Amino acid sequence: MKKFISGNEAVVEGALIAGCTFYAGYPITPSSEIASHLSVRLPQIGGKFIQMEDEIGSLAACIGASLCGHKVMTATSGPGLSLMLENVGMAIMAEVPCVIVDVQRGGPSTGLATKVGQGDMQQVRWGSHGGYPIIAMTPSTIEEVVKFTIEAFNLAEIYRVPVFVMTDKVIAQLREDVDLDSLQNYPITNRKIAGSSEEFLPYRAETVTDVPAMSPFGGPHLVRASSTTHDQHGRPTSDPEKIAFKNERLFRKIQDNSDSICQYQSDLMPEAEALVVSFGISARSSLQAVAEARAAGKKVNFLKLLTFWPFPDKAVQDAARGVKKVIVPELNWGQAAVEVERVLGSQIDVIRINKTNGLIIQPEEILEKL
Amino acid sequence: MSIFTYINEAKLPTFWCSGCGHGVIIKALAQAFDELELPTDKIVIVTGIGCFGRSDDYFMTNALHTLHGRAIAYATGVKIGNPDLTVVALMGDGDASSIGGNHLIHAARRNIGILALCANNRNYGMTGGQYSPTTKQGDKSATSRYGLPEPEFDLAALVKAAGGSFVARSTVFHYHNLVKYLKKGISRSGFSFVEVMEPCPPMYGKFNELGSAPEMIQKIREEVIPLSRWKPDSDRKPIGILCDVDKTSYTDAYDEVIRKAGGKDGN
């Protein structure tokens with residue numbers, strides 16, 4: 001049976017299907033319904049909900065609970081995301097699975113609490129210090145919000161990393177029919193758990209792409225997790241070889257698996273002259289513009305990014321082959337466009353459509369560039 | 001069993017400076033674990049950043065070494081994630097009460113069942129002896145060479161006011177009392193806070209010409225007075241158990257939420 005649900009409700013449904021049993025968050029528009037719903041739903045299944053004193057504490061509590069074996073999530077918007085960033089680095093270094101939903105609003109700073117934006121895309125990539133890869137999903141339909149929230153949990157568990165689900169104010173409140181019954185069977189992946197009889201090292205890795213098996217606090221092994229650069233025992237190290245191994249592994253466990261992580265929808269046609277690349281709410285406007293352009297006889301490719309990070313370089317190259325121009329509509333000053341320009345070099349004209357007035361891009365604004 | 005069930009002997013001696021109180025405090029904590037006969041795999045030591053933030057490295061228990069000021073926030077997640085665990089947050093004074101002050105007061109208010117231990121040496125030792133919220137007014141530090149214009153925080157009073165169910169203060173000189181308070185703090189179901197006054201000879205001691213470690217410890221003894229003899233107009237800090245009330249812990253209260261929601265026990 002289909003249910004008519006909002007984007008924020010879809011996050012909740014996706015999280016529960018994925019097996020989320022712990023949520024810690026702090027109220028912020030336009031994400032707050034996620035917390036409200038989970039405060040009701042989680043205790044119904046014996047799960048835990050807590051409203052922490054701030055967003056720093058929220059992600060910290062998530063990390064603590066994840067290390068006890070819970071699948072954990074928090075949700076926020078730009079100002080809260082800024083506070084969470086030190087713990088994004090912590091989750092990267094300590095290798096703790098967690099899902100962070102960023103319901104984007106207009107920025108910078110307090111910005112536009114009740115209006116839409118897509119201005120956090122580069123912040124989630126680069127926001128915490130020190131340098132690391134990140135995974136961020138950008139669903140644009142309500143069904144995709146459910147699916148990619150589940151995918152975010154799966155990827156967090158597989159790679160022991162924080163994973164972002166990037167929505168926005170409009171998707172959060174937009175309602176569509178979703179067949180939740182069929183999504184109950186969506187494939188779920190759980191973290192690799194070390195066998196109880198084997199000798200356990202919390203960061204055991206043979207190669208630079210390995211993801212160490214976990215063991216929960218209170219389980220059969222003594223566990224150490226650390227924000228300090230550490231060896232395979234989780235103890236601080238100043239050995240350049242061990243430091244290099246750890247840091248290269250943090251990078252390559254994601255980078256070397258980019259192809260299997262990246263998801264997108266590519267709608268290409270022969271002899272296309274233009275390409276539209278978009279994501280999230282702007283992909284919905286783009287889809288309409290492309291359909292109208294094609295109806296008028298224009299040959300246009302369309303690429304919808306469902307994984308924004310790692311950026312799907314190859315998908316962009318393939319979709320841009322032979323076209324004369326690439327149009328990138330987004331609700332910021334070109335955060336996807338800089339990536340498209342990086343991938344394509346200077347051979348193809350990249351046309352930016354940027355809007356930061358708190359409104360979504362209309363299909364006509366894209367159509368007139370096609 | 002002995003304290004070396006809990007302390008990693010291979011890591012000794014500690015990296016802390018001669019005369020530092022941190023080693024005494026981790027010994028007292030290990031002794032408390034030992035006397036309570038706690039299994040090592042049911043203890044999670046959570047640390048922040050600073051000299052005392054390195055404490056976890058000396059323990060043969062579970063450990064979560066985290067960010068500056070956030071130990072209590074992670075510890076909250078661990079305790080909710082598995083209420084059967086003994087969760088201990090080890091923090092210095094800057095870690096616990098300056099950058100981490102917000103987490104401290106809310107953990108106390110919420111009555112989450114962890115032990116928060118603050119090693120109070122009145123300054124940031126690791127970064128070179130800057131003043132902290134517990135530096136004495138008028139005292140010198142790397143960042144108060146003319147004498148500190150700010151008054152100090154009374155951490156035990158703060159946590160008591162914020163709602164902590166067990167609050168005690170001791171010093172590294174009053175070792176046996178310290179062990180007793182740590183045991184009580186661990187045994188309570190709600191939020192426990194133990195503040196330990198200790199010397200930092202190479203930083204705070206140097207800036208304020210307080211002498212050697214024994215001389216600094218003697219001065220700390222003179223700064224405190226047992227609670228039974230303490231009066232509100234006293235210029236000495238009370239030591240002892242300042243608060244010990246039986247209140248429902250957060251995780252017990254949340255079990256009631258789960259029951260009302262019709263869920264099964266989530267532990």
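Chain naming here is simple, since letters A, B, ... match the order of the sequence lines and numbering starts at 1 in each. Because the structure is predicted, anything quoted here is derived from the model rather than measured.
- Between the side chains of D95(B) and H68(B), at least one donor-acceptor pair of N or O atoms lies under 3.5 Å.
- Neither the backbone nor the side chain of R109(B) comes within contact range of chain A, judged by heavy atoms closer than 4.5 Å.
- Using a 4.5 Å cut-off between heavy atoms, L67(B) touches chain A through backbone and side chain atoms alike.
- Between the side chains of T47(B) and D56(B), at least one donor-acceptor pair of N or O atoms lies under 3.5 Å.
- If you tally non-hydrogen atom pairs under 4.5 Å between each of R70(B), H106(B), H65(B) and chain A, the highest count goes to H65(B).
- Interface remark: K260(B) contributes no atoms to any contact with chain A (heavy atom separation under 4.5 Å).
- For R110(B), the part sitting under 4.5 Å from any heavy atom of chain A is the side chain, from C-beta outward, and nothing else.
- Under 3.5 Å, the side chains of Q130(B) and T127(B) contain a donor-acceptor pair of N or O atoms.
- Residue Y132(A) holds its OH atom at 5.0 Å from CD1 of I134(A), rounded to the nearest 0.5 Å.
- Relative ring orientation between F22(A) and H70(A) is described as tilted, the plane-to-plane angle lying within the 30° to 60° band.
- Using a 4.5 Å cut-off between non-hydrogen atoms, the part of residues 80-93 of chain A that approaches chain B consists of E86(A), N87(A), M90(A).
- Looking at N111(B) and S249(B), their side chains never bring a donor and an acceptor atom within 3.5 Å of each other.
- Aromatic ring centres of Y6(B) and F59(B) lie farther apart than the 6.0 Å criterion allows.
- Of all the listed residues (G53(B), G77(B), P39(B), G69(B)), the one sharing the greatest number of non-hydrogen pairs under 4.5 Å with chain A is G77(B).
- T5(B) places a side-chain N or O within donor-acceptor distance of the main-chain N or O of S2(B), the cut-off being under 3.5 Å.
- Proximity of a side-chain donor or acceptor of S66(A) to a complementary backbone N or O of V96(A) within less than 3.5 Å is not detected.
- The most heavy-atom pairs under 4.5 Å with chain B, out of P216(A), G219(A), G234(A), C68(A), come from C68(A).
- Of the possible polar contacts, one joining the D181(A) side chain to the M1(A) backbone as a donor-acceptor pair under 3.5 Å is found.
- In terms of heavy-atom pairs under 4.5 angstrom with chain A, the leader among N102(B), V87(B), I72(B), V46(B) is N102(B).
- Neither the backbone nor the side chain of H230(A) comes within less than 4.5 Å of any heavy atom of chain B.
- Proximity to chain A involves both the backbone and the side chain of V257(B), based on heavy atoms less than 4.5 angstrom apart.
- Per-residue counts of heavy-atom pairs under 4.5 Å with chain A were compared for I43(B), N62(B), V78(B); the largest is that of N62(B).
- Neither the backbone nor the side chain of L59(A) has a heavy atom closer than 4.5 Å to any heavy atom of chain B.
- Using the six-membered ring where Trp is involved, H22(B) and F52(B) have ring planes that are tilted, between 30° and 60° apart.
- With a threshold of 4.5 angstrom between heavy atoms, T61(B) approaches chain A through N, CA, C or O but not through any side-chain atom.
- Interface summary for chain A: among A71(B), A63(B), A75(B), G262(B), the most heavy-atom pairs under 4.5 angstrom belong to A63(B).
- Proximity to chain B involves both the backbone and the side chain of L222(A), based on heavy atoms less than 4.5 angstrom apart.
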